[in-house]
Amino acid sequence: MAESNSAGFTLPEYESGTEYIGHHLGFLKYGQLPDGSWGFAHSIEEANAMGFWSIHVDSMLMSVLLGIIFMGLFYFVSRKATSGVPTGLQNGVEFLVEMVQGTIKNTFFAKNNLIGPLSLTIFCWIFMMNLMDLVPVDWIPLLAQVIAQDSHLYFKAVPTTDINITAAFALSVFILVIFYSIKIKGMGGFLGEFAFHPFGKWALPLNLVMEIPSFLAKPVSLALRLYGNLFAGEMIFLVIALVGWFQLPLHFAWAVFHILIITLQAYLFMMLTIVYLNQAHTKPEAH
Amino acid sequence: MNLNATIIGQSIAFAVFVWFCLKYVWPPITQALAERQKKIAEGLEAADRAQRDLSLAQNKAADDLREAKIKSAEIIDMANKRANQIVDEAKEKARDEGQRLIAGAKAEIEMEVQRAKEELRAQVAAIAIAGAEKILESSVDKAANEELVKKLASEL
């Protein structure tokens, strides 16, 4: 295998650290190229020139793959779930489900069948994607390059360092918040919250100025918090990868610290989703 | 920032995964959890009940034992009494029987005496007649004198 690969494939070489980092931050992007044809971008410039109708194939591939892995695992367990003494795998899955259930019980006070599966999916899926950050930064891109027989292939292994992925989560949650707000409180109640809070109807313009940005800030902060944390973490892994043999203890130390960050960020995203949806289900107390 | 159609693709994937989780993953697991919770609660309750039952049974056994002891003491008491009674009755009966035997014996003796007297009387009569015959040396009409001799004998 390695023999046949070595014929057409050479390990990628980088002239400088800037180029190394820059290449690792590039996406495998499919879209319309400057000459009008459709295909993968071969350079950062080409990628940037693509408009909205382009797609990060690497992010999508990794996220869907990880989603299928965790969902398949959960499905496998749920098929055989018994109320008897649970075995190892069922124990782990039940631990996660109970953790999510407990969080919902403490934070979410309305009745909604969607909130549980939604929270579980968010937590597990984001955690899986974040987990890719702990895989040494060159492994997955190199594997993709070997498979594609292209030593210059862009491939980003951590989907949550892609703003599109985090924004998609945040946007979906935002749409659910709006949907449930209108469903529970009616259109009037939903819009009334912007107009008559927090200062009553005589300060309507002031209320609008205060409430609308804070409402819109929810999805933006959700998306940017996750993206920012993971992007920064990934960046530090890349920088550490540049320092030669000393990278091993450094990498280890940062990875240990990063275990905390990736778990915390996944949990935070889930927690805030529950909080926002709870707000959508409850009327604010009268002032 | 580089927003593009990935956001749409990822949103669709997210919706699909949440739907799948809602449909196939969440219900069986939460149901199993709830069932186990119920089972454990029932088990604990059963253990409590068994403990209660055990102490009740122990109390009952102790009560039964005590009652049995009392009853057995009563029975022994009664048996003793009955035995005494039987002995007394036997003594009484024996005394009566003795009295009866004595009376019987006395009556028999009396009867024997009478019979002996009777016999003696008959023999005396015969002897008297024979004596008289000898004295008279004549045959006296036995039938005519018999009346006379009997009268004589009865006077003996």
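The structure displayed is predicted, hence computed values, not measured ones. So that the names make sense, note that chain A is the first sequence line, chain B the second, and so on, each numbered from 1.
Atom CG of Leu3(B) and atom CD1 of Ile163(A) lie 6.5 Å apart (nearest 0.5 Å). Rounded to the nearest 0.5 angstrom, Phe74(A) CZ and Trp26(B) CH2 are separated by 9.5 Å. Separation of atoms CH2 (Trp53(A)) and CD1 (Ile8(B)) is listed at 4.0 Å; rounding is to 0.5 Å. Here the CZ-OG distance, from Phe169(A) to Ser11(B), works out to 9.0 Å after rounding to the nearest 0.5 Å. Here the straight-line distance linking atom OG1 of Thr30(B) with atom CG of Leu120(A) works out to 10.0 Å at 0.5 Å rounding. Remark: Leu118(A) CG to Phe17(B) CZ distance equals 14.0 Å, nearest 0.5 Å.
If you check the side chains of Gln10(B) and Ser63(A), you find a donor sitting under 3.5 Å from an acceptor.
In this structure a side-chain-to-backbone donor-acceptor pair under 3.5 Å is present from Arg36(B) to Thr82(A). With hydrogens and angles disregarded, a donor-acceptor distance shorter than 3.5 Å links the side chain of Ser78(A) to the backbone of Tyr24(B). Side chain of Thr6(B) to backbone of His56(A): a donor-acceptor contact under 3.5 angstrom is found.
The most heavy-atom pairs under 4.5 Å with chain B, out of Ile68(A), Asp162(A), Leu171(A), Val57(A), come from Ile68(A). With chain B as partner, the option from Asn113(A), Val85(A), Val97(A) having the largest number of non-hydrogen pairs under 4.5 angstrom is Val97(A). Top candidate by heavy-atom pairs under 4.5 Å with chain A, chosen from Gln31(B), Gln37(B), Lys38(B), Lys39(B), is Lys39(B). Between chain B and the residues Ala167(A), Ser172(A), Gly116(A), the largest count of heavy-atom pairs under 4.5 Å involves Gly116(A).
Using a 4.5 Å cut-off between heavy atoms, Leu33(B) touches chain A through its side chain atoms alone.
Between Trp125(A) and Phe14(B), the ring-plane angle classifies as parallel under the 30° and 60° cut-offs.
Under a cut-off of 6.0 angstrom, the local environment of CZ in Phe76(A) is sparse, with at most 12 non-hydrogen atoms contributed by other residues, nucleotides or ligands. Counting non-hydrogen atoms of other residues, nucleotides and ligands closer than 6.0 Å to CD of Glu42(B) gives a total above 12. The local environment of CD in Gln51(B) is sparse, with at most 12 non-hydrogen atoms from other residues, nucleotides or ligands closer than 6.0 Å.
Here the shortest heavy-atom pairing between Asn4(B) and Asn164(A) reads N-OD1, 2.8 Å. Between Ala32(B) and Ala81(A) the shortest heavy-atom distance is CB-CB, 4.0 Å. Across all their heavy atoms, Ala168(A) and Ile7(B) have their closest contact at CB-O, 3.4 Å.
For residues 70-84 of chain B, a heavy-atom distance under 4.5 Å to chain A picks out no residue at all.
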Carefully, step by step, assess Gln90(A) and Ile29(B) under the rule side chain to side chain contact (heavy atoms under 4.5 Å, CB included). CA-CA 9 Å; Gln90(A) 195 186 344; Ile29(B) 293 177; over 6 Å; no
